[in-house]
Amino acid sequence: MVTRLISANTSEMLKMNAAELKQSIKASEGRVVLSENVVGHEMGDGITTSEVAAAFGADLILLNGLDVLNPAIFGLYPNEGAVVHHDGKSIQRLQHLVGRPIGVNLEPVDVHADMAETRLEIPAGRQASRATLAEAQKLGFNFVCLTGNPGTGVTNDQIAANVKVAKDVFSGLVIAGKMHGAGVNEPVVSLPAVKAFLQAGADVILVPAVGTVPELTDEDVRAVVRLAHQHDALVMSTIGTSQEGSGARYIEAVAVRNKINGVDIQHVGDAAWGVQSPFENIYALSKAIRGERHAIQRMARSINR
């Protein structure tokens with residue numbers, strides 16, 4: 001058996017394979033915090049956004065805006081900005097610095113999507129494909145998140161198709177779903193889409209947190225949770241609508257509400273500052289879903305343990 005993630009040391013977490021990490025999250029009973037960070041910007045004094053997120057209590061780190069074919073992470077190497085390194089060791093180095101499992105957003109762009117807004121073109125290295133998923137495997141990511149940033153034209157059908165590819169070439173956890181519309185005229189969440197993700201092999205279903213996208217209700221999220229748990233999958237709720245910066249009272253209310261709905265992981269995104277959530281809101285989320293004791297021990301626990 002594995003140690004639950006909220007109590008695990010770095011040496012335990014980074015040894016976990018996908019099945020062990022999944023069980024460790026499940027054993028944490030809805031108290032896991034995931035922070036999403038944009039990788040190409042400075043937070044101050046030449047350190048990565050991921051180090052700051054980990055310091056304020058994130059259990060899992062999700063990188064956004066990373067071109068896996070040309071990886072550049074600001075502050076990863078001494079006295080450098082966002083410089084591309086092709087040494088194959090960028091993610092190992094980041095895992096060493098933050099002591100947390102690291103994931104990456106890869107976007108299943110659908111060129112035939114019915115767009116609701118002007119499409120935002122992104123590099124091939126940020127899009128989900130066999131090549132980028134295989135590169136994520138080579139780089140040593142612990143998980144991938146198949147989702148879409150605003151305006152990129154990601155569809156649920158394309159997410160499902162890429163889950164199948166991911167399960168073929170990537171050995172880590174696969175998270176699938178949309179945090180918002182991603183610029184497309186389709187429901188952000190639907191049970192048929194969730195069923196397709198599960199049939200394709202998704203380990204974690206992503207849903208927007210109740211209180212972030214219009215018309216998504218508690219019962220909508222509960223229905224996804226029930227379906228996912230019946231198929232031995234987990235559920236992650238997400239705050240990816242710039243409300244990451246709405247203040248601690250909002251974060252706490254959303255955290256408790258979505259915990260009641262049964263999600264296993266609570267995500268806080270990067271849109272508030274365009275880089276990551278305000279640090280105090282990561283702590284507010286952490287404290288709300290697991291109490292001060294576990295929030296502080298995650299912040300204080302040395303990565304050398």
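These numbers were taken from a predicted model, which means no experiment stands behind them. Along the sequence shown, residues are numbered consecutively beginning with 1.
Residues F170 and F141 approach most closely at CZ-O, 3.5 Å, considering heavy atoms. Contact detail for S35 and A58: the closest heavy-atom pair is CB-CB, 3.7 Å. Closest approach of K178 and A182 over heavy atoms only: CE-CB, 4.0 Å. Minimum interatomic distance between L14 and P101 (heavy atoms only, all atoms of both residues): CD2-N, 3.8 Å. For R298 against L5, the heavy-atom pair with the smallest separation is NH2-O, 2.6 Å. Taking every heavy atom of both residues into account, T3 and M16 meet most closely at O-CE, 3.7 Å.
Note that OH of Y283 is 14.5 Å distant from CD1 of I251, once rounded to the nearest 0.5 Å. To the nearest 0.5 Å, atoms CG (L198) and CG (L191) are separated by 10.0 Å. Taken from SG in C145 to CG in L63, the straight-line distance is 11.0 Å, to the nearest 0.5 Å. For the atom pair NE2 of H229 and CG of L234, the computed distance is 6.0 Å after rounding to the nearest 0.5 Å. Residue S50 holds its OG atom at 4.5 Å from CG of L94, rounded to the nearest 0.5 Å. Separating the CG atom in N9 from the NZ atom in K15 is a distance of 10.5 Å, to the nearest 0.5 Å.
Residues V204 and L216 fall into different hydrophobic clusters, defined by Ile, Leu, Val, Met, Phe, Trp and Tyr side chains chained together at heavy-atom separations under 4.5 Å. By the criterion of side-chain heavy atoms lying less than 4.5 angstrom apart, applied directly or through intervening Ile, Leu, Val, Met, Phe, Trp or Tyr residues, F197 is not grouped with M179; the two fall into different hydrophobic clusters. Residues I47 and M299 are members of separate hydrophobic clusters, defined by side-chain heavy-atom contacts under 4.5 angstrom among Ile, Leu, Val, Met, Phe, Trp and Tyr. Linking Ile, Leu, Val, Met, Phe, Trp and Tyr residues whenever their side-chain heavy atoms come within less than 4.5 Å places L21 and I6 in a single cluster. A single hydrophobic cluster is not seen to contain both V52 and I296; linkage of ILVMFWY side chains at heavy-atom distances under 4.5 Å, directly or through other members, places them apart.
For D114, there are no salt bridge (Lys or Arg N to Asp or Glu O under 4.0 Å) partners at least two apart in sequence or on another chain. By the salt bridge (Lys or Arg N to Asp or Glu O under 4.0 Å) test, R119 is found to be paired with no residue, residues two or more places apart in sequence or in another chain being considered. Under the salt bridge (Lys or Arg N to Asp or Glu O under 4.0 Å) criterion, K22 pairs with no residue, sequence neighbours left out.
A donor-acceptor contact shorter than 3.5 Å is absent between the side chain of D218 and the backbone of N261. Side chain of E252 to main chain of A288: no donor-acceptor pair is present (N/O by atom type, distance under 3.5 Å, no hydrogens or angles). Judged purely by atom type and a 3.5 angstrom limit, E244 uses its side chain to pair as donor or acceptor with the backbone of D270. In this structure, the side chain of R293 does not engage the main chain of G291 through any donor-acceptor pair within 3.5 Å.
Side-chain atoms of I91 and I73, non-hydrogen and from C-beta on, do get closer than 4.5 Å to each other. Within the 4.5 Å cutoff, side-chain heavy atoms of I122 are placed close to those of Q127. With contacts defined as side-chain heavy-atom distances shorter than 4.5 Å, the pair V154/I159 qualifies. Looking only at side-chain heavy atoms (C-beta outward), R257 and V254 stay at 4.5 Å or farther from each other. Between F143 and D203, every side-chain heavy-atom pair lies at or beyond the 4.5 Å cut-off. For the pair L97/L76, a side-chain contact is recorded, criterion being any heavy-atom separation below 4.5 Å from C-beta on. Between T49 and V38, every side-chain heavy-atom pair lies at or beyond the 4.5 Å cut-off.
Of the residues V68, L66, D67, the one that meets the side chain to side chain contact (heavy atoms under 4.5 Å, CB included) test with N70 is D67. Residue I175 is tested with L206, V235, T147, I205 for a side chain to side chain contact (heavy atoms under 4.5 Å, CB included); the sole match is L206.
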Next on the checklist: Working note: R290 + D59, criterion salt bridge (charged side-chain N to carboxylate O under 4.0 Å, His left out); need CA distance, chi angles, decisive distance, verdict.
Outcome noted: CA-CA 12 Å; R290 56 192 176 194; D59 304 293; 2.5 Å; yes

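Sparse packing is recorded around CG of N79, with 12 or fewer heavy atoms of other residues, nucleotides or ligands lying under 6.0 Å away. Counting non-hydrogen atoms of neighbouring residues, nucleotides and ligands closer than 6.0 angstrom, the CD atom of E219 exceeds 12 such neighbours. Within 6.0 Å of the NE2 atom in H112, the count of heavy atoms belonging to other residues, nucleotides or ligands does not exceed 12.
Side-chain contact, N105 with E36: a donor N or O sits under 3.5 Å from an acceptor N or O. E107 and N149 form a side-chain donor-acceptor contact under 3.5 Å, judged by distance and modelled atom types alone. For the residue pair E51 / T48, a side-chain donor-acceptor distance below 3.5 Å is found, with atom types taken as modelled. There is a side-chain donor-acceptor pair under 3.5 Å between Q137 and S171. There is a side-chain donor-acceptor pair under 3.5 Å between Q243 and T241. Side-chain contact annotation: R4 with S7, donor-acceptor N/O pair under 3.5 Å present.
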